[in-house]
Structures are given as C-alpha cells and as structure tokens.
Amino acid sequence: MDILSSLLTMILVPLVVILATLWAALCIYIVLAARHARESAAGVAQALQELQRIEASDLTPEAQVREIDTLVGRFDRVMLLRIGAALPERSPASEIFARVATTRNDLDWFVQQASASRNPRANWRRIAALRLLAHHGYSNIVPLLGDAVADHDSEIVGAAVAVLGRIPDMKAAEILVAALKNGRYAPSRVATYLDSFPLPIPTLLRPLLHHPDATVRYWGVMLLARHSHASGLEEELAALTRDQAPLVRRAAIASLARVNAAAAVPPARELLGDQVWYVRAHAARALGEAEDPGLAEAVAPLLADREWWVRTAAKEALQRMGSEVWSVLVPYLDHTDAFARNGAAEVLQNIGILDSLIVLEAATSRPSPAKIEMLRKIAAAGGTRMTEALLDRVDKDARPRVRDLLASLGLEPAGAAL
Amino acid sequence: MVLRLLLVVAVAYLLTAYAIGGPLQLGRVLTAILRRHRARYRGHQDDVLANSRFTIPVSIVLPTGGDPRSLDAIEHLLGLSYAEFEVVVVNDGPTTLLHEMRNRFGLSACEVFYRRSLPTEPVRAIYRSSDHRLLVVDCPAATRGDALNCGVNLARYRYICCTTPRARYSREALIEAMRPALEDPALVVGITTSLGSIRDHDNARADTFAILQRLSSLRRLITRTGARRLNLSVEGLPGFTLWRRDVVLEVGGFATDVESEHVDLTFRVHRHMLRKGEEYRIVHLSEPVGDAATERSVAEHVEYRLARQRSIARILWRSRGMIGNPRYGRVGLVDLPLYLFGMFVVPWLELACLVALPFTSIAGVLTGRQLLLVVLAIALGNAVLLTAAMLQAAPAPPATPPTSWPSAGSTSGRRRRSPTTAGT
C-alpha cells in the first residue's frame with residue numbers, strides 16, 4: 001500500500017497538471033476553431049450573396065466582371081476554393097467568378113490542386129478545384145476529371161462523375177460511359193448523370209445494348225428511353241424484350257413503352273406470361289402506358305397473379321386505361337380468388353365508377369336492377385371499409401340517400417381478403 | 001484487506017476511465033474530425049440526384065403517436081428534396097388529430113387493398129390526399145413498432161424511412177441519408193442516423209436541465225463504442241432510420257413489445273443476415289440529419305430512460321444466443337458483449353466506484369490530499385471527454401448548397417456528414 005501511495009503521489013500531480021493544460025488548450029482551440037469556422041462560413045455566404053446581387057443587377061456585363069474582380073480580390077486562394085465548392089450551377093455569375101478567380105490567382109495552382117490529392121485532408125480541395133475549373137470552362141478539365149474518375153477515393157470519383165455529367169462535351173460522356181462499363185463506381189449514380197447529360201448521346205449508349213454484362217445492357221436500355229428519336233431504337237428494344245436476363249427484359253419493356261407506348265403493346269402482351277414476376281409487372285405497366293381500354297382484357301387476369309406486386313401493377317395499369325375498363329372488371333367481382341375480387345373493386349372505386357353509380361342510383365326513385373346488382377357485387381367484393389369510405393366521400397346532402405340505398409342492398413358486408 | 005483492495009480497484013478504475021480515458025477519447029475525436037474535414041465538401045446538394053428517375057424511391061412512415069406536432073411534421077416531410085417518395089402516416093392517436101389532418105391535407109376516405117405481410121392491429125380507415133404522395137392510415141396501434149409495421153404493410157417502395165413527429169429534418173436529409181443505399185442497394189439493408197442538439201425553435205433560453213440533457217447527449221455521442229460497432233443510432237437522439245423493406249419482412253417486422261424497436265430490429269437483422277451467410281451492410285451516419293423539435297421534461301426524460309433500459313435489457317435477453325457465439329463472427333464475439341457491458345455494467349460500476357471514493361480516505365487507502373487530486377483528475381478527465389464531444393458535435397463550416405442562392409442574410413449552412421459508414 002505504501003508503494004501504491006507513493007506511486008499515486010508521484011503520478012497524480014503531473015496527471016492533474018497535464019489534464020488541466022489539455023482541457024484549457026482544448027477550450028481555447030474550440031473557441032478559436034469555432035470563430036474561424038464562423039468567419040469562413042460568413043465569407044462564403046457573403047461572397048455568394050454578392051454574386052447573387054451582381055447577377056440580379058442591371059449592370060452591363062463589363063461592369064459585372066469588374067465588380068466580381070473586386071470581390072475575388074478580397075479572398076485568398078483557399079477561400080476561393082471554399083467559395084468554388086459552393087457556387088451554384090448554371091449561373092453566369094458563377095462562371096465569371098470562377099474564370100476571374102482562377103486566372104487572377106495563378107491558374108496552375110488551381111490545376112495542381114485539381115490534379116491529385118496529396119493527402120486525405122486535401123480531398124475537398126481537389127473536388128473544389130475541379131468544380132471551380134469546370135465553372136471556368138478550363139480547356140483541359142475533361143482529362144483532369146477523367147483522372148479523378150480513375151481515383152481510388154470514391155468521394156473524388158463521385159464528385160468527378162457529377163461534374164462530368166454537366167459538361168457539354170462528348171469526351172465527358174465517353175468517360176461516363178466507360179465508368180458505367182467498368183463498374184468501378186455505382187452504375188446507378190453514373191447512369192443518373194448520363195441521363196441528364198446536356199448533349200444527345202444515343203450513339204454512345206447504343207453499343208451498351210450488346211454488352212456481355214447484363215447490368216450494362218440494363219443501364220443502356222434504361223438510358224436510351226430518353227432518346228426516343230434514335231433510328232431503329234424501337235426494334236432493338238423490342239428484340240431485347242426477349243433477352244436472356246430478366247433484368248434486361250424488364251428494362252426493355254419499360255423503355256419501349258416510354259419511347260413508343262403503342263409499339264410496346266405486342267411485346268408487353270407476350271411478357272405478361274413471363275416466368276419472372278417483375279417482368280410481368282412491368283409488362284402490365286407498359287400496357288397501362290398505352291392508356292387503351294381495349295388492352296384491359298389482357299391485363300385483368302393479372303389481378304389474380306400469384307405475386308402481389310404484379311397484382312398491384314395490374315391495378316395501376318387498369319386505372320390508367322380509364323373508366324371504360326369497368327365492363328372488363330365486372331366479371332372479376334365474382335372471381336374465385338378473393339384478391340382478384342378486391343382488386344377489381346378497388347379499381348372500380350379509383351376510376352370513379354362506384355361513386356358515380358351510387359350517387360346516380362340514390363338520386364332516382366326507380367333504381368335500375370342491373371346497376372343495383374353491380375353495386376351489390378362491388379360492395380361485396382370491396383368489403384365494409386369500401387362502403388364506409390364511400391359514405392365518407394359522398395356529398396353530405398346525398399349521404400342519407402346513399403346510406404338508405406346501401407342498406408336496401410340487403411347484404412352482410414363480405415369483408416376484405418387479408 | 002479485501003475492502004482496501006476493492007477501494008484501490010475503484011480508484012484505479014475511475015482514473016483509467018476518466019483521467020486516461022478522457023485524453024484517449026480526445027485522440028479518437030481528433031482523428032474523426034480529420035476524417036470529417038476530409039469529407040467536408042462531399043455530397044453537394046445535387047439537383048440532378050434529387051430529381052433523377054434512377055434515384056431509389058422511398059416510403060416514409062410516420063407514426064403520429066397522437067402527437068399534435070405530427071401535422072407540421074407531415075408538411076415538413078412532404079417538403080423534402082427527393083425524386084420519388086411517399087409519406088405513410090399512421091394515426092395511432094386520437095381521432096381529433098385525424099380530423100385536423102383531414103382538414104389540413106384535404107384527405108378523402110378510400111379503400112386500399114394491401115398485403116398484410118406483418119400482423120398489426122386492424123386498420124380502421126385509409127385516407128388519400130390530393131397530394132398523391134400522402135397516405136394516412138387510421139390504425140389503433142398499441143405501440144410504435146405496431147404502427148411502423150402497419151406503415152410497412154402499406155408502403156410501396158423498396159426502402160422504408162421511419163420518422164418521428166419530434167424531429168425536423170433538413171431539406172436534403174433524405175437524399176444524404178440514402179447515399180449509401182444509392183451507391184450499393186444490393187448490400188445496404190439499413191441506415192441509421194441521428195438528430196442534432198435540440199434547437200431553440202422559439203429562441204427560448206435553455207434551462208439547466210436542457211443544458212445537462214445536451215451535455216449528456218454529447219457525451220453519449222463519443223462513448224458508444226458497442227453501439228457504434230453495431231451501427232445503432234445514438235441513444236436518445238434517433239434521427240430517421242431506413243430499412244430495406246424485404247429485409248424487414250424477412251425478419252418479421254418491428255417488435256411490438258419493446259420501446260427500442262430499431263435496436264431490436266438491428267440485432268435481428270444482424271442475426272438473420274449472419275445466419276444466412278449473406279453479405280450486407282448496416283450503415284450509421286454520424287452527422288445529424290436534423291434537429292429535435294422539443295426537449296423532454298425531467299419526468300419524461302427519467303421515464304424514457306428507464307423504459308429504454310428495460311427495453312434494451314429485454315432485447316439483449318432475446319439476443320442472448322448471439323452473445324459470445326462464434327457463429328455470429330465479430331458481432332457475436334466482440335460487438336454485442338461490448339454493448340452489453342457498456343449498457344448494463346459500466347453505469348453501475350461507475351456509480352459504485354464513485355460512492356466508494358470518499359471511503360478511500362477513511363480506510364486509509366488515500367490521504368486527504370491524494371483524494372483531492374484523484375477527484376480533480378477525474379473531474380478534469382471528464383471535462384476533457386465532454387469538451388472532446390463538443391468538438392466532435394460542432395457543425396462543420398458550411399459548404400453552402402451550390403444549386404441555389406442563399407436567402408439574404410443567411411449565414412447558416414447544412415452539416416456535412418462524416419464517413420463513419422463501417423458495415424459488416
């Protein structure tokens with residue numbers, strides 16, 4: 001114990017001194033760092049507000065450039081990088097700011113910053129410099145971004161992909177397409193920027209349709225949906241609805257429906273019987289896009305599909321076809337499958353047939369037996385909650401008559417299939 | 001002799017935990033800050049990503065719990081910047097709240113046939129708004145887990161985002177939180193986030209308890225080793241939690257008999273995926289996605305903490321088969337035992353050591369001067385720990401959103417996210 005006591009005496013005083021010093025230093029650092037952060041933030045916000053003011057002013061372009069030049073002169077290079085990282089897209093003032101900032105403050109330094117990260121802390125500088133140079137319209141920005149896309153750091157790659165997606169240069173699109181093919185970065189993210197690329201790029205995307213990797217084919221098909229005028233595209237997409245990979249078949253039918261809904265009808269009809277559920281669901285949706293009530297006969301059987309999401313897609317497709325589908329749905333109110341009955345009733349509710357039928361029949365003193373029978377079937381297939389919801393929806397004045405009519409149907413609620 | 005030895009152990013433990021642990025935590029925080037600095041300009045507010053047809057749609061589920069703040073919360077959620085999402089509100093509270101919702105959002109009753117994949121209390125009614133993204137379900141759910149299950153049943157999209165009326169999220173919160181899933185939807189099955197410190201929305205001066213609550217939250221932020229490794233959200237400050245719908249269904253949905261349904265689900269997802277031997281990731285995003293709307297009172301806080309402690313105990317008891325089980329790899333051998341130790345052993349151990357401290361002088365283990373120095377060392381170590389937490393929680397300097405001009409006079413920016421996306 002004596003040893004422990006002397007040991008404690010020996011270490012406690014220095015320990016307390018060290019801790020007190022550390023704490024004091026930490027407090028000072030926090031105060032200083034917070035002040036620095038506030039100042040930086042205020043500087044960035046102030047610069048952005050100034051740019052906004054200049055852009056909104058009635059000044060001549062020359063005067064605007066002069067004002068921005070004065071603004072740039074107030075900041076050092078690192079601060080300019082911070083502002084560069086926060087510059088809004090598609091703003092003339094941003095472009096002028098970037099041009100003035102980089103030319104006035106040694107363009108090479110900015111290019112050096114954008115070329116490679118010396119350490120992880122410089123990561124943000126590289127991203128900011130790339131954005132600033134892209135705003136500037138720097139002639140060699142695409143190769144710099146190409147190097148960034150090949151970087152091992154996913155943050156750099158992500159930022160480079162986002163900048164490339166905004167540069168109206170076919171070389172930028174080529175880099176993005178290559179990134180999509182090599183799969184080193186999330187294909188969905190690359191595809192996002194290719195989808196909003198400022199130039200038409202169907203010639204770059206078409207080869208993707210024949211790529212050996214199904215994922216690449218999938219993205220090729222999805223991206224080409226935007227380029228509906230590309231010649232021969234419909235035929236190629238129709239051929240891909242018979243692709244081996246279900247993912248590609250699903251994408252092909254969805255894209256074809258987007259390019260030309262009418263052209264998608266024959267392959268979509270075939271795919272309604274596909275073995276893979278999501279292909280059937282997209283085929284149903286593709287038929288829905290055609291908005292042709294004549295196709296309801298083909299889609300309605302999917303109300304009784306074994307997969308829930310296919311039934312949901314069929315309901316959505318039928319709703320898109322409009323109120324004329326009601327006659328196709330009536331037989332499904334007697335279907336042996338409870339889900340099919342529910343689905344048919346729900347579609348009839350959503351296309352407004354139920355509401356108009358009940359209001360019309362409630363208003364007349366001699367309701368039509370055929371219509372009453374149909375109402376009875378819908379009420380039976382839809383269950384109590386559907387009739388309660390109906391009562392809730394109808395006009396307050398019409399509610400008592402509707403309630404009487406529902407009571408006169410004389411049916412016990414069937415309840416919904418769960 | 002044994003008593004004296006125990007007192008020595010108590011002193012040694014407290015000195016190690018605070019006087020040495022404080023500076024060690026500081027080192028860890030500094031490392032984290034360096035990593036955050038590295039990521040400061042990551043993820044600009046990106047209008048392309050927020051509007052792309054390739055951005056994975058999300059179903060946001062909001063159980064109201066009868067909270068009147070739900071009305072503002074719904075409006076707030078509908079204002080999120082995201083390409084495609086729906087808000088499924090589960091009204092598990094009084095009908096007065098439902099009436100208010102109906103008036104405010106123009107809801108009309110309808111019947112929706114959905115698959116009851118998870119058992120819940122029966123749904124009383126379903127309402128659609130003129131805003132097609134909003135669906136309100138009236139369901140007398142007994143617990144929050146039950147209400148979440150009801151929302152999951154009605155959700156149409158692949159990812160479920162569970163929210164609370166107690167929070168106000170930043171406009172880009174969802175796109176920021178979904179980033180890991182957008183980059184790797186096949187692997188990312190869950191994303192947990194946290195809320196920032198409670199904001200004084202009405203500019204009211206925070207009282208002492210509120211300050212203590214904040215400090216306590218801050219401290220938890222850096223002393224949650226086990227929770228961090230399990231990718232659990234910060235205790236007491238849960239932000240929103242995203243789950244892949246298929247995984248939620250596979251594990252049987254949210255537990256309806258515990259308060260901490262996300263902790264429970266996290267454990268079950270770990271167990272399920274490890275048993276299946278499938279690669280997966282549950283990601284925790286350490287930087288806040290929003291702020292808590294209001295503080296809890298002392299009574300509420302105590303009640304909440306006790307309920308949570310009981311709830312965690314129950315969850316851990318259920319997961320006892322995983323603890324120390326090599327079948328579950330690092331989660332079973334290291335993370336869960338650490339979590340268990342941190343949640344149930346450390347608080348009582350520290351309390352016992354602190355109670356024992358004055359007796360060291362009486363028992364002659366320490367002299368009066370030594371005791372004073374020990375207390376001072378512990379206090380300073382704790383101060384270092386708290387200050388380190390403040391350092392970590394301080395928002396990074398804003399890289400103001402690049403896609404729109406700031407409003408006049410605005411100097412505030414959004415917080416950046418540090419890359420603590422360790423997964424399994």
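Just the heavy atoms: all of them, side chains too, but no hydrogens, waters or symmetry mates, feed the values below. Numbers restart at 1 for each chain; the letters A, B, ... are given by sequence-line order, proteins then strands.
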Item to check | Minimum-distance pair of heavy atoms, taken over all atoms of Glu183(B) and Ala186(A) | outcome: O-CB, 3.2 Å

Checklist entry - Does the side chain of Leu12(A) reach to within under 4.5 Å of the side chain of Arg369(B), using non-hydrogen atoms? => result no

Item to check | Under 3.5 Å donor-acceptor, Gln349(A) side chain and Cys110(B) backbone | outcome: no

Checklist entry - How about Leu49(B) and Tyr193(A): do any of their side-chain heavy atoms sit closer than 4.5 Å? => result yes

Item to check | Contact winner vs chain B - Leu15(A), Asp195(A), Leu22(A), heavy-atom pairs under 4.5 Å | outcome: Asp195(A)

Checklist entry - Is it the backbone or the side chain of Thr192(A) that comes under 4.5 Å from a heavy atom of chain B, or both, or neither? => result both

Checklist entry - What are the two closest heavy atoms between Leu373(B) and Val13(A), and how far apart are they? => result CD1-CG2, 3.7 Å

Next on the checklist: Counting heavy-atom pairs under 4.5 Å with chain A, which one of Val11(B), Val112(B), Ile126(B) comes out on top?
Outcome noted: Val112(B)

Item to check | Any donor-acceptor N/O pair, Ser188(A) side chain to Leu182(B) backbone, under 3.5 Å | outcome: yes

Checklist entry - Tell me, side chain or backbone of Ile11(A) under 4.5 Å from chain B's heavy atoms, or both, or neither? => result neither

Checklist entry - Counting only N and O atoms by type, is there a donor-acceptor contact under 3.5 Å from the side chain of Arg385(A) to the main-chain atoms of Glu111(B)? => result no

Checklist entry - Quick one: which of Arg311(A), Met386(A), Arg341(A) gives a side chain to side chain contact (heavy atoms under 4.5 Å, CB included) with Phe113(B)? => result Met386(A)

Checklist entry - Below 6.0 angstrom between ring centroids: does that apply to Trp308(A) and Tyr114(B)? => result no

Item to check | Pair Arg156(B) + Glu316(A): basic N to acidic O under 4.0 Å | outcome: yes

Checklist outcome for this item: Of the listed Val123(B), Leu366(B), Leu15(B), Thr55(B), the one with the largest count of heavy-atom pairs under 4.5 Å with chain A is Val123(B)

Item to check | Side chains of Phe54(B) and Leu223(A) in contact at under 4.5 Å (non-hydrogen atoms) | outcome: yes

Item to check | Short N-O contact, Arg189(A) and Asp184(B), less than 4.0 angstrom | outcome: no

